[in-house]
Chemist: 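The structure follows.
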Amino acid sequence: MAEPLEGQARPRERAHPGAKEYVGIAVILTLITAVEVAVFYIPAMHPVLVPTLLTLSALKFCLVAMFYMHLKFDARLFSWLFVVPMIIATLVIIALMRLFGH
Amino acid sequence: MATTTAAIHAPVQAESGLWSWITTVDHKRIGILYGTTAFVFFLIGGLEATIMRLQLMRPDNTLVSPDFYNELFTMHGTTMIFLAVMPLSASFFNFLIPLMIGARDVAFPRLNAFSYWIFLFGAIFLNLSFFFGGAPDVGWFGYSNLTSKQFSPGHGVDFWAVGLQILGIASLAAGFNFIVTIVNMRAPGMKLMRMPLFVWMTLVTSFLIILAFPVITVALVFLLFDRFTGTNFYVPAAGADPVLWQHLFWLFGHPEVYILILPAMGIISEVLPTFSRKPLFGYPVVVYSGIFIGFMGWGVWSHHMFAVGLGPLADSFFALTTMLIAIPTGVKIFNWLGTIWGGRIEFKTAMLFALGFIAMFTMGGLSGFMHASPPADLQQTDTYFVVAHIHYVLYGGAIMGIFAGIYYWFPKITGRKLGEGLGQLHFWLNFVALNVTFFPMHFVGLLGMPRRIYTYAPHMGFDWMNLLSTAGVFGIIAAVLVFMWNVSRSLRHGEVAGPDPWGGATLEWAIPSPPPAHNFGTIPTVHSLDPLWHREGPELVKTANRIGGPIHMPPGSHWPMASALGITLLLSGMVFGWWLGIPGVLITLYGIYSWAFEPCT
Amino acid sequence: MRFRTHPMMFRRLMAALLVVLPLAFVAGCSMQDYPQSSLHPHSNYAQWIQTLLEQLTFWVVIIFVVVQALLIYAAIRFRSRPGAPDPKPIHGNTALEIGWTIAPALILTLVAVPTVLTIFKSQAPPPEDALQVRVVGHQWWWEFQYPDLGITTASELHVPVGVPVNISLETADVIHSFWFPAMGGKRDVIPGRTNRLWFTPSDIGQYPGQCAELCGTSHANMRMALMVQAPEEFQAWVAAQQLPPIEPEAGTLAAQGKQYFTQGQCIVCHMIQGVSAGVIGPNLTHVGSRTTIAGGIFPNDAADLGKWIINAPARKPGAKMLSLKDMAMSPEQVPAIVAYLQSLK
Amino acid sequence: MAVATATVAAHEAHPTSTGLNSRKMLFWAFLGSECMFFGSLIATYLVYRGRDQVGPHPHEILNIPFTSVSAFVLLMSSLTMVLALAAVQHGNVRGTRIWLAATALLGMTFLAGQCYEFTQFYFEGLALQTNLFGTTFFVLTGFHGTHVTVGVIWLWTLFVMAMQGRLPRERALDVEIAGLYWHFVDVVWIAIFTLVYLIQ
């Protein structure tokens, strides 16, 4: 069981980013949150409120998952383990909303 | 520390006694525990079915009360699915997966023990309901709002919902464990596409478990909240829609169907090649169809709900996805036929059961195909036609597959073969009896007999077919008795098997029967899909049995059992009284912390 | 399978053979033997399903025969014989794989098209002139209302032959499922929803049906009957039902029964037009005209009606109707009440 | 499910077929499973939105400014969590302790905010039983809160270990896995904050 054997020996982990990058990401996350709340309060934005908010929060979601949870740096397998269920869950949510007439 | 004391060459094996079984983390022992426990519940579920068949033997019968009858079919379904077929499959996962992939144990041995214990406690808890004010009587599917406090004021539904939550924890723990084990514990050289098909089906099943059980967990949480705190999840008066339960239930329930059948498909995919002396036909195609079935299993759940009235668009959508699943299923069947085609078939009992699986599962699949078409389904759903269908799939399919597996691997597990003569008798009795029992149900269903009715009127024409079904049950009972006799006889007097009685191709046949606690003296390197049939075979066997150095085996632990007990007490407090929750919480926390900080490996 | 003319004669012949084979004894037997059969369609909707089912059965039987024949052939032909050489280790065959993927896919397409067409046809809006019926499921009996005709009855649904019936389905308690096999597929009755179903009965007759979704203790005893009548017969029935309830002649046993009825607890649950206003149990305004009682499980005769009134839960487990004792009435009152109810033709 | 997470806490790394750590793999699979768990809860909330027979309705009661702040607090706890991980990976004992404690405290702040919010709603007439909004809202956010609580307990356990000097560089994985859980709880809140609070 010693060596990795899935053909392409994956790097176990690329070096995780350091504190500086982490703070940088936090700044971006803060800005997005601020924009989200602002959008909520700007009447002019209301026609596009839902898509805007969904996009922004998906962006936040991705940033946390990729940088703080290191999916960007870790093995692809971990991403699969997380993203496939995420997709199934999302499809289920959409399907149920359709089935209940939303 | 434990590491040094455990580093002996042939450890653990010598240990015996009750405590060694309670603290065992050996996957083989846990597999045996799973198997025997599940078989006991298989007998209990069978007894429930027998009483039902006796009640339905003739019209207007009064053997049991309608309420008891409702309890019987609820517990029969719940028992057979959660306490018999799933844990029987789990028993095979446990015993075989590490052996087949060339590992010393599963990735998380103590989590594995925990999974067994919490399954056992959950199963006992569920069955205690018979003695504490009545078992659940709302069907294994527990459709809301019949399960509400208003319409089911007793504790039966609480036992059911809490019991399923406890059992869900067991399944989830096993699911995570086998995913990691299969992905991460394979012997060198065993690429994904060199894994035996049973390992593949276990992997797919495990993914289905970890993704499907959270959904039923949530649905049951809603139900428990409704019953205990007066929330409105399934309360129509508050604007809620009880159909939500059905969606959540079948979102779990359909993948669950594949959780029940895929392991059996995996088993026969091992048995057929061995007794045909020919490798599995179209291995990659069978693998991919298994994965495809698992994935598509998420897109068909509403075909259980055509009668709900989802509208023509949704009906069409779910009809088409359901029919789509028939393709990979058909492909599997043809590949199995391709496997035996041109082979040299030896009709050992295991092979008979595997061939019987193909014949019976095809029947079940075809009746399933008939109600994939919503208009036809509207005549068939909730009738005995569907009862026939599920029993051809789950009894003719899953259980026959499991029996094939038992006859095939019994020598590996015990070191002795099961008697061939009794085995053949078992198979033929079982095969004939199951058809006598379940085949008439197709017709009695099409002729208008709904399921879950405790009685029917004499002038409906259901009489003689029901009588026939009931008669068949006695054949099944006889078959099971023959099997039990065979097992008890063979355990003592069976022919000694040796490491490889059937000339199998996969790694588990390289080592002695029963395998030593450490499985492989040295983990062999694998170069092909069926290593023992290749030139590498003899060399591999030598390696697998050569002890090349100190072997680290994890020490036993009683914390998994303690944690399982704590969680069960905690949750059963919902039924027996909150005071039970206090020791429950304390034991759970103590157990988990002790477990987490206990040295292992 | 209906035989029309020449094209595809062979296929049709095969189909007829194969479909008739598994359903042979069903085809041979009549509705008298199997009154609740789903294989004897008596409406347009049931006929559509039957046609579809025959197509499905055709393919299913073919696949079944092919697979089992291959299995049996292989098992016999390739059985181990002494001295037989080791089989060739064939790992697969791409052409075969493609073949047996495409073949089922084609069959599926052949089935999927009529399936989808039938779905849309059977769930299309009902014709304008349909007879409106509102069905309410109760634990454990069926209530039938004709909103346009002002009629409410139970356990027996009367409809004229050849006229579309548009049924809206509701429930008073839990989920039930409305099913007259001779008329077509079942439809669930769900709290908070109104489901719909329509069909045009094609033959005069009496067809049994029953609840098909587990709904509690007496689920098995939630039966009903569909009376498909000639139009004039139906009109006569409607006219009779629309009349106010018959007033028993003073001094008769029935008059005595009415008095017991109104003074007792019967009126809490049962409605008799102009006499009582209960809505929990079946409407009894014309109960005497029905052939069954208690959710279609007992004949509506003096003996059964009497036993029912004395102790309903003992005769039908779980029945919500109180026993005579619980209603604080005496057995002596029963014959009078029976006479009164039977007079309500 | 807490068990699965606790199990891993004391396992040693084995050489594995993929070269990936088994505990970490188990944990990612667990998070996949959790996706389905929260997916079902969120789906129920969305399916039932607007079906209430009686008030109060979401827009009458949800306090956006307040929850924005607590969402921000949770977001920042993710930052302190990765900083704790960076510290333990670099063998920075003091940093590990500080950032672990900071994360746990931020988590507790979030929980305090949730307690305040729940109480506030209760006094404004929204209980678990009031209507579908109350039922789905409290159960969804309550389950999220329960996850945060488990995370806080986990973090304090790690903190105690760090104080005892039992959290050296070699055990960075313990912190990493706790971190995965913590970030997951955070991203779930990102989804809930958007779907429940902002999109009404």
Side-chain angles (χ1 to χ4, degrees), chain B residues 101 107-108 110-111 114 118 169 172-173 175-177 179-181 183-188 190 206-207 209-219 221-222 225-226 229-233 235 237-241 244 247-248 251 560 563-564 567 588 591-593 595-601, chain D residues 1-30 32-44 47-48 50-54 127-136 138-140 142-143 153 157 161 166 174:
Chain B
I101 61 174
F108 302 96
R110 291 179 302 169
L111 184 62
F114 169 78
I118 201 155
I169 298 173
L172 282 167
F176 294 127
N177 209 342
I179 289 173
V180 179
T181 303
V183 174
N184 242 1
M185 307 285 283
R186 282 165 287 144
M190 181 170 280
S206 302
F207 272 107
I209 287 175
I210 68 160
L211 299 182
F213 271 80
V215 185
I216 186 80
T217 303
V218 167
V221 162
F222 292 166
F225 263 101
D226 272 7
T229 70
T231 50
N232 309 309
F233 284 109
V235 181
D241 194 338
L244 177 70
H247 281 295
L248 294 177
L251 258 165
S563 309
I567 291 172
T588 306
I592 289 176
Y593 268 90
W595 175 355
F597 290 103
E598 181 183 44
C600 64
T601 56
Chain D
M1 265 165 273
V3 179
T5 63
T7 323
V8 295
H11 236 271
E12 296 303 322
H14 295 285
T16 59
S17 350
T18 53
L20 300 170
N21 178 278
S22 288
R23 281 165 58 198
K24 206 163 150 186
M25 188 180 295
L26 180 139
F27 208 79
W28 274 111
F30 171 71
S33 184
E34 286 272 78
C35 284
M36 295 305 293
F37 182 84
F38 279 104
S40 310
L41 285 167
I42 291 172
T44 303
V47 159
Y48 278 164
R51 291 177 70 124
D52 301 295
Q53 309 288 300
V54 292
L128 197 51
Q129 299 86 354
T130 308
N131 56 14
L132 278 177
F133 170 57
T135 292
T136 51
F138 281 120
V139 171
L140 169 60
F143 264 103
I153 295 172
T157 308
M161 286 169 70
R166 287 161 65 197
D174 287 5

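Just so we're on the same page: letters track the sequence lines, and every chain starts at 1.
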Chemist: Could you look at B/A212 and say if it's the side chain, the backbone, both or neither that has a heavy atom under 4.5 Å from chain D?
Modeler: neither

Chemist: Answer whether the closest heavy-atom distance between the side chains of B/F597 and D/R166 falls below 4.5 Å.
Modeler: yes

Chemist: Looking at B/G239, B/S206, B/G591, which makes the most heavy-atom pairs under 4.5 Å with chain D?
Modeler: B/G239

Chemist: Using the side-chain contact (heavy atoms from CB on, under 4.5 Å) rule, take D/R23 and B/V180 through it: C-alpha gap first, then chi angles, then the decisive distance, then the call.
Modeler: CA-CA 8 Å; D/R23 281 165 58 198; B/V180 179; over 6 Å; no

Chemist: Out of B/F213, B/F225, B/F207, return the one with the most heavy atom pairs under 4.5 angstrom to chain D.
Modeler: B/F225

Chemist: For B/V221, which atoms come within 4.5 Å of any heavy atom of chain D: side chain, backbone, both, or neither?
Modeler: side chain

Chemist: Write down the atom of B/F176, the atom of D/S33, and the distance for their closest heavy-atom approach.
Modeler: CZ-CB, 3.6 Å

Chemist: Ignoring hydrogens and geometry beyond distance, is a side-chain donor-acceptor pair present between B/N184 and D/S17 at under 3.5 Å?
Modeler: no

Chemist: Got D/T16 and B/R186 here, is their nearest side-chain heavy-atom distance under 4.5 Å?
Modeler: no

Chemist: Just verifying a value: how many Å separate B/H247 NE2 and D/T44 OG1, rounded to the nearest 0.5 Å?
Modeler: 11.0 Å

Chemist: Where on B/D226 is there a heavy atom nearer than 4.5 Å to chain D: the side chain, the backbone, both, or neither?
Modeler: neither

Chemist: Is there a side-chain contact between B/T231 and D/F138, using heavy atoms and a 4.5 Å cut-off?
Modeler: no

Chemist: Can you tell me which of B/T229, B/N232, B/L251 forms the most heavy-atom pairs within a distance under 4.5 Å of chain D?
Modeler: B/N232

Chemist: Is any side-chain heavy atom of B/F233 closer than 4.5 Å to one of D/T136?
Modeler: yes

Chemist: Which bit of B/L211 is near chain D, if near means a heavy-atom gap under 4.5 Å: side chain, backbone, both or neither?
Modeler: both

Chemist: If you count heavy-atom pairs under 4.5 Å with chain B, which of D/T130, D/V139, D/D52 comes out on top?
Modeler: D/V139

Chemist: Do D/M36 and B/T217 have side-chain heavy atoms sitting under 4.5 Å apart?
Modeler: no

Chemist: Does any heavy atom of chain B fall under 4.5 Å from the side chain of D/F143, the backbone, both, or neither of them?
Modeler: side chain

Chemist: First locate atom CG of B/N177, then atom OG of D/S22, and finally report the distance between them rounded to the nearest 0.5 Å.
Modeler: 9.5 Å

Chemist: Would you say that D/L41 contacts B/F222 through its side chain, given a criterion of any heavy-atom pair below 4.5 Å between the two side chains?
Modeler: yes

Chemist: Sort out for me which of B/A564, B/G230, B/A240 touches chain D most, counting heavy-atom pairs under 4.5 Å.
Modeler: B/A240

